[in-house]
Colleague: 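Pasting in a structure now, in structure tokens, and then I'll have a few things to ask.
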Amino acid sequence: MPVPIALIDCNNYYVSCERAFNPSLIGVPVVVASNNDGCAIARSQEAKDLGVRMGDPIHLIRDRLREHDVRVLSSNYTLYGDMHRRVVMSVQDFARDVEVYSIDETFLDMAGFEDRDLVVHARAMREQVRRWTSIPTCVGIAPTKTLAKLANRVAKKDPGLEGVADLRDEGHRRELMDVFPVDDVWGVGRATAARLEAMGITTASGLADMPMKQARGLGTVVLERLVAELNGIPAGVVETMEPQRKGMAVTRSFGSPVREFETLMGAIAQYAMRAGEKLRQHGLVAGRLTVFYHTSPHRPDLPPHSASASCSLSPMTSDGLELLDNARRLAGRKWRKDGAHAYVKAGLMLDDLVLEGERPRTLFEGDQTKRRALMEAMDAINAKYGRWTVVPAIQGFKREWKMRAENRSPAYTTRIEDVPIAYA
DNA sequence: TCTGGGGTCCTAGGACCC
DNA sequence: TCTGGGGTCCTAGGACCC
């Protein structure tokens, strides 16, 4: 019998974070918008009931939102990130080990807890999270991660379960999988679902019954592993060591379209400096840099242009100004001087990341001490006086490309001025 | 006026090597 | 008519995730 795996998943996470500090949002429809207030990325149950779907463009559903008095908030990742830390802290003692899977989901390795009533145990964990953070959650328990995801979904859908579904029993599991839509299975996306449905497979049970060889032929090893997991055979374990990350990106849509190179470079410069900061925070250096910018794919009436260029970085670096130099050269190389294009998004990606201490030395590198000290000084100033207190001049002052965030909540838990005050 | 920002893994196919 | 047989490494692109 494999070790039980539990998955705890926060309900309507971003909305729940907002509600934790703003009770007027409780019981009314709430939507949290993506960066640039672009689309709906989190909805309260009331908003889901009104038919607001994940990824709906806000500007296309504006009328319906207004009609039903839906509260629309800009996303506040500082708050969600800090609340996440608290949620993970709350669950830690309830498992042997945890794997943080995303900002709102954590897998738990339940080895050593098997002799307990795991359903009762999981309810106590939910209660702990609720008391410490006010965030509502659901828990799924099963022999594999894929089944734990499925169990979690079941727990979310059926209020009678009081937030916890235990799918360790195979007979019970089968009954539920017989009516579980195959496209809701973790790892089955649009393309795979379409292929499966063409073969008459529409439920999780149908996929579980597919012979392994057929699964391999239809998809890749990924689908083959998925079939194994649906049959209770673990193809992956709870990973407690954080894997070394391979790439990193800073990309943003602009608040309004950009037509001039100077303006574009202002944005790219900021992304480069931010990318350098991120590298240094993680103690990494990058070996490859890619810059891209493009026009709107949603505007077929305008001339399209998509530019992308990369170069390798030698010596490998985390120096923001070094990244900026390279980014400017690459961006300039692809720039079209006709002024006919309205760019809506740009970004910078870093690859071939290695730990700073494992950086390969090159033959002709000069003394980096001064530059490193400069970066440290900039980091220190920006940490103390706020992001973008010191910036390279090329970043500009007008920042007309800055993204929209018209209704962002305060940083309740991470800025002393924003901490809520309770009157006696 | 107007549609997010990150990530991972896998495979095919080309370049290059002996 | 016939055109070797492997290897490795890298990149682009697809699919999926939250």
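Throughout, a chain's letter reflects where its sequence line sits, starting with A, and its residues are numbered from 1.
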Colleague: Pick base, sugar-phosphate or nothing for A/Met403, based on heavy-atom distances below 4.0 Å to the nucleic acid.
Modeller: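 No contact.
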Colleague: Where the side chain of A/Arg404 is defined as all heavy atoms beyond and including C-beta, which of B/dG4, B/dC2, B/dG6 is the nearest nucleotide?
Modeller: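 Selected nucleotide (nearest to the side chain): B/dC2.
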Colleague: Sorted by first residue and then second, give each ring-ring contact (aromatic ring centres under 6.0 Å, His included) pair with at least one member in residues 378-401 of chain A; sequence neighbours left out.
Modeller: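 Checked against ring-ring contact (aromatic ring centres under 6.0 Å, His included) - neighbours excluded - no pair reaches residues 378-401 of chain A.
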Colleague: Remember a base hit wins even if backbone is also touched, and classify A/Arg62 as base, sugar-phosphate or nothing at under 4.0 Å, heavy atoms.
Modeller: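 No contact at all - A/Arg62 keeps every heavy atom at 4.0 Å or more from the nucleic acid.
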Colleague: Might you confirm whether atom CZ of A/Arg361 has over 12 heavy atoms from other residues, nucleotides or ligands at distances under 6.0 Å?
Modeller: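 Yes, CZ of A/Arg361 has more than 12 neighbouring heavy atoms, counting only those of other groups under 6.0 Å.
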Colleague: Quick one: is A/Thr192 getting a side-chain N or O under 4.0 Å of the C/dC16 phosphate, OP1 or OP2?
Modeller: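 For C/dC16, OP1/OP2 do have a side-chain N/O of A/Thr192 under 4.0 Å.
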Colleague: Check every atom of B/dT11, B/dC10, C/dC18 against the side chain of A/Arg216 and return the nucleotide holding the closest atom.
Modeller: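 For A/Arg216, the side-chain atoms sit closest to B/dT11.
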Colleague: Ignoring the backbone of A/Trp186, work out which of B/dT11, B/dG4, C/dC17 is nearest its side chain.
Modeller: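 Given the options B/dT11, B/dG4, C/dC17, the side chain of A/Trp186 is closest to C/dC17.
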Colleague: Can you see if the side chain of A/Ser253 gets near the phosphate of B/dG5 - specifically, an N or O under 4.0 Å from OP1 or OP2?
Modeller: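 For B/dG5, OP1/OP2 do have a side-chain N/O of A/Ser253 under 4.0 Å.
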Colleague: So that I can compare with my own list, what are the stems of DNA chain C, taken as at least three consecutive Watson-Crick or G-U pairs with distances under 3.5 Å?
Modeller: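 Consecutive-pair runs (3 or more) involving DNA chain C: B:5-18 with C:5-18.
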Colleague: Would you indicate which nucleotide in B/dG4, B/dC10, B/dG7 comes nearest to any side-chain atom of A/Ile41?
Modeller: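 Of all the options, the side chain of A/Ile41 is nearest to B/dG4.
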Colleague: Picking from B/dG4, B/dG7, C/dC16, which would you name as closest to the side chain of A/Lys278?
Modeller: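 It is B/dG7.
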Colleague: For a quick check of understanding: with a heavy-atom distance under 4.0 Å over all strands, which category does A/Val185 fall into, base, sugar-phosphate or nothing?
Modeller: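 Contact class for A/Val185: sugar-phosphate only.
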Colleague: How about NZ on A/Lys48, more than 12 heavy atoms from neighbouring residues, nucleotides or ligands closer than 6.0 Å, or not?
Modeller: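 Enclosed.
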Colleague: Between A/Thr251 and B/dG6, does any side-chain N or O lie under 4.0 Å from OP1 or OP2?
Modeller: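 For B/dG6, OP1 or OP2 has a side-chain N or O of A/Thr251 closer than 4.0 Å.
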Colleague: Could you state the atom-to-atom distance from OH of A/Tyr13 to C1' of B/dG4 in whole Å?
Modeller: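 Checked: the OH to C1' distance equals 18 Å.
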Colleague: Do A/Glu358 and A/Leu355 make a side-chain contact, defined as non-hydrogen atoms from C-beta onward lying under 4.5 Å apart?
Modeller: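 Yes - at least one pair of side-chain heavy atoms lies under 4.5 Å apart.
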Colleague: Under 6.0 Å from the ring centre and within 45 degrees of the ring axis: does the NZ or CZ of A/Lys157 meet both conditions for the six-membered ring of A/Phe180?
Modeller: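 Flagged: A/Lys157 positioned over aromatic ring of A/Phe180.
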Colleague: Can you measure A/Asp351 atom CG to C/dA12 atom P for me and round it to whole angstrom units?
Modeller: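 In whole Å, C/dA12 P and A/Asp351 CG are 10 Å from each other.
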Colleague: Heavy atoms from C-beta onward define the side chain here; which of B/dG7, B/dC9, B/dG4 lies closest to that of A/Arg225?
Modeller: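 When the side chain of A/Arg225 is considered, B/dC9 is the closest of B/dG7, B/dC9, B/dG4.
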Colleague: For C/dG14 and A/Arg190 - does any side-chain N or O of the residue sit under 4.0 Å from the phosphate oxygens OP1/OP2?
Modeller: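 Checking A/Arg190 against C/dG14: no side-chain N or O falls below 4.0 Å of OP1 or OP2.
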Colleague: Nearest of C/dC18, B/dG6, B/dT3 to any side-chain atom of A/His59?
Modeller: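 The answer is B/dT3, which lies nearest to the side chain.
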Colleague: Of the options B/dC10, B/dC2, C/dC17, whose atoms approach the side-chain atoms of A/Tyr101 most closely?
Modeller: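 Taking heavy atoms from C-beta onward, the closest nucleotide is C/dC17.
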Colleague: Between C/dG4 and B/dC17, how many Å separate the two C1' atoms, rounded to a whole number?
Modeller: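 To the nearest whole Å, 14 Å.
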Colleague: Is the phosphate of B/dT3 approached by A/Lys345 (side-chain N or O, under 4.0 Å from OP1 or OP2)?
Modeller: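 No, outside the criterion.
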Colleague: How many Å lie between CZ on A/Phe254 and P on B/dC2, as a whole number?
Modeller: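 After rounding, the gap between these two atoms is 13 Å.
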Colleague: Please report, rounded to the nearest Å, how far the C1' atom of C/dA12 is from the CZ atom of A/Phe292.
Modeller: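 Nearest whole value for this atom pair: 16 Å.
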Colleague: Given B/dG4, B/dT3, B/dG6, identify the nucleotide with an atom nearest to the side chain of A/Asn35.
Modeller: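 The listed nucleotide nearest to A/Asn35's side chain is B/dG4.
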Colleague: Going from CZ on A/Arg415 to CG on A/Leu79, what distance comes out if it is rounded to the nearest 0.5 angstrom?
Modeller: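 Output value for this atom pair is 13.0 Å.
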Colleague: Under 4.0 Å between a side-chain N or O of A/Lys246 and OP1 or OP2 of B/dC10?
Modeller: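 A/Lys246 to B/dC10 OP1/OP2: no side-chain N or O under 4.0 Å.
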Colleague: Under the side-chain contact (heavy atoms from CB on, under 4.5 Å) rule, what do A/Glu18 and A/Asn76 come out as? Steps first, then yes or no, please.
Modeller: CA-CA 9 Å; A/Glu18 299 288 350; A/Asn76 181 348; 3.9 Å; yes
Colleague: Would you mind reading off the distance between A/Glu242 atom CD and B/dG7 atom P, rounded to a whole angstrom?
Modeller: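 After rounding, the gap between these two atoms is 12 Å.
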Colleague: To the nearest Å, give me how far apart CD (A/Gln244) and P (B/dC9) are.
Modeller: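 These atoms are roughly 12 Å apart.
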Colleague: Heavy atoms from C-beta onward define the side chain here; which of B/dC9, B/dC2, B/dG7 lies closest to that of A/Arg299?
Modeller: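 The closest nucleotide is B/dC2.
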Colleague: Could you tell me whether the phosphate oxygens of B/dG6, OP1 or OP2, come under 4.0 Å of any side-chain nitrogen or oxygen in A/Arg245?
Modeller: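 The answer is no; no side-chain N or O of A/Arg245 sits under 4.0 Å from OP1 or OP2.
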Colleague: In whole angstroms, how far is the P atom of C/dC17 from the CZ atom of A/Phe107?
Modeller: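 Going from A/Phe107 (CZ) to C/dC17 (P), I get 12 Å.
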Colleague: Run the side-chain hydrogen bond (donor to acceptor under 3.5 Å, both in side chains) check on A/Ser205 and A/Asp178 step by step: do they pass?
Modeller: CA-CA 5 Å; A/Ser205 288; A/Asp178 283 341; 2.7 Å; yes
Colleague: Restricting to non-hydrogen atoms, name the atom on A/Ala249 and the atom on A/Met349 that form the minimum distance, rounded to 0.1 Å.
Modeller: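 For A/Ala249 versus A/Met349, the nearest heavy atoms are CB-CG, 3.7 Å.
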Colleague: Check the distance between B/dG7's C1' and A/Glu99's CD and give it to me in whole angstrom.
Modeller: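 Atom CD in A/Glu99 sits about 14 Å away from atom C1' in B/dG7.
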Colleague: Just checking, A/Lys334 and A/Tyr293: is the charged tip under 6.0 Å from the six-membered ring centre and within 45° of the axis?
Modeller: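 Output no; distance or angle outside limits.
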Colleague: Do any side-chain nitrogens or oxygens of A/Arg252 fall under 4.0 Å of OP1 or OP2 in B/dG6?
Modeller: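 Yes.
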Colleague: If you find the nucleotide of DNA chain B closest to A/Pro257 and the one closest to A/Gly247, which residue's nucleotide is nearer the 5' end?
Modeller: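 On the 5' side of the pair lies A/Pro257.
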Colleague: Please tell me which of A/Gly255 and A/Val250 maps to the more 5' nucleotide of DNA chain B, matching each residue to the nucleotide holding its nearest heavy atom.
Modeller: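 Here A/Gly255 is the residue nearer the 5' end.
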Colleague: Counting the atoms with a prime plus P, OP1 and OP2 as sugar-phosphate, which does A/Asp104 contact under 4.0 Å by heavy atoms, base, sugar-phosphate, or nothing?
Modeller: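 The residue A/Asp104 makes sugar-phosphate contact but no base contact.
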